[in-house]
Q: 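Following this message is one structure expressed as structure tokens.
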Amino acid sequence: MILRRKLVGTGWKMNHGIAEAVAYIDALRSLMAQIPHPDVDVFVLPPFTALAAAAAAADGADIAIGAQNVHWDDRGAWTGEISAPMLVEAGCRYVALAHSERLEHFGETYAAVRLKVNAALRHGLTPILCIGETGEDKHAGRADAVILDQVMTAMADQPADALPALVLAYEPRWAIGATAAADPDYVSDRLTDLRATLAQHFGAGPASMTRLLYGGSVTAANAPALAAITEVDGLFVGRYAWTAEGLAEIVAIVANAMGEDAS
Ligand code: PGA
């Protein structure tokens, strides 16, 4: 049996400046010290300006810092962009890619995301690759095909055994910033299909080692059922985790769900 470590994290989106970031990480550090979570990794994705301060505040704690985006080139004439080496220097270990807000509001495509995956892996950052269907895709019954196509496009330049170097965050686009998360049975069906098709394309070993997260309107109320899904290895939380208390609650829920798995 392959044991995948659980992973819980949040993207702050365009919230929290430097002072708020440091206060959040300090609070999270003390809250997490009270929650047993030996097999749960935790990440926080602040805005670019707060990355270095958040990473300094998280130093020595089991809280990894990551960015919400990256450019595909290492340097050059790309006004307004930030490179993977810059993120590494600021203390990042993760980078979210293809978040639905990047796709929807900034015209990002999986063709560009493919280059960003290459850049992240080249510099030792773990990409948190967001995948997910729109409401229209869902109604047309093509969710599984859309999700697989997103992964295949983003991974097009990578060898099959690179798959576990990524975290795949299944975030149905219709469930982000919504009033309710996706139904756990629906998430289970999508992720069961995804892991099976990943095994066909990347091999059974890489597919079984790759962490799959669920994201989209996660709260402490719906997290227990989502965390209990066999193929869910963790949760990617937005609004509910914009306070340290919120993220700590979800970490505790995922840590408990694991205890139940083992029993
Ligand atoms: P939400 O955001 O939890 O506020 O829906 C999730 C996300 O954007 O990843």
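Note that these values count all heavy atoms, side chains included, but never hydrogens, waters or copies made by symmetry. Atoms within each ligand, like the ligands themselves, are counted from 1 in listed order.
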Q: Go through the side-chain N and O atoms of Trp174 and Glu133 and say whether any donor and acceptor fall under 3.5 Å apart.
A: yes

Q: Do Leu148 and His201 have side chains that approach each other closer than 4.5 Å (heavy atoms only, starting at C-beta)?
A: yes

Q: With a cut-off of 4.0 Å, which atoms of ligand 1 are near a heavy atom of Gly177?
A: 1 (P), 5 (O)

Q: Check each atom of ligand 1 against the heavy atoms of Glu171 and keep those under 4.0 Å away; list them by number with element.
A: 7 (C), 9 (O)

Q: Check this for me - ligand 1, His99, N or O atoms closer than 3.5 angstrom, yes or no?
A: yes

Q: May I ask you to list the atoms of ligand 1 that are less than 4.0 angstrom from any heavy atom of Gly238?
A: 1 (P), 2 (O), 3 (O), 4 (O), 6 (C)

Q: Hey, which of Val237, Val167, Leu235 is the one that makes side chain to side chain contact (heavy atoms under 4.5 Å, CB included) with Leu213?
A: Val167

Q: Can you list the atoms of ligand 1 that are under 4.0 Å from a heavy atom of Arg239?
A: 1 (P), 3 (O), 4 (O), 5 (O)

Q: If only atom types and distance count, is the side chain of Tyr170 paired as donor or acceptor with the main-chain N or O of Pro172 below 3.5 Å?
A: no

Q: State the atoms of ligand 1, each with its element, that fall below the 4.0 Å cut-off from a heavy-atom position in Ser217.
A: 1 (P), 3 (O), 5 (O)

Q: Test your reading of the model: is there a side-chain donor-acceptor pair from Arg211 to the backbone of Arg5, 3.5 Å cut-off?
A: yes

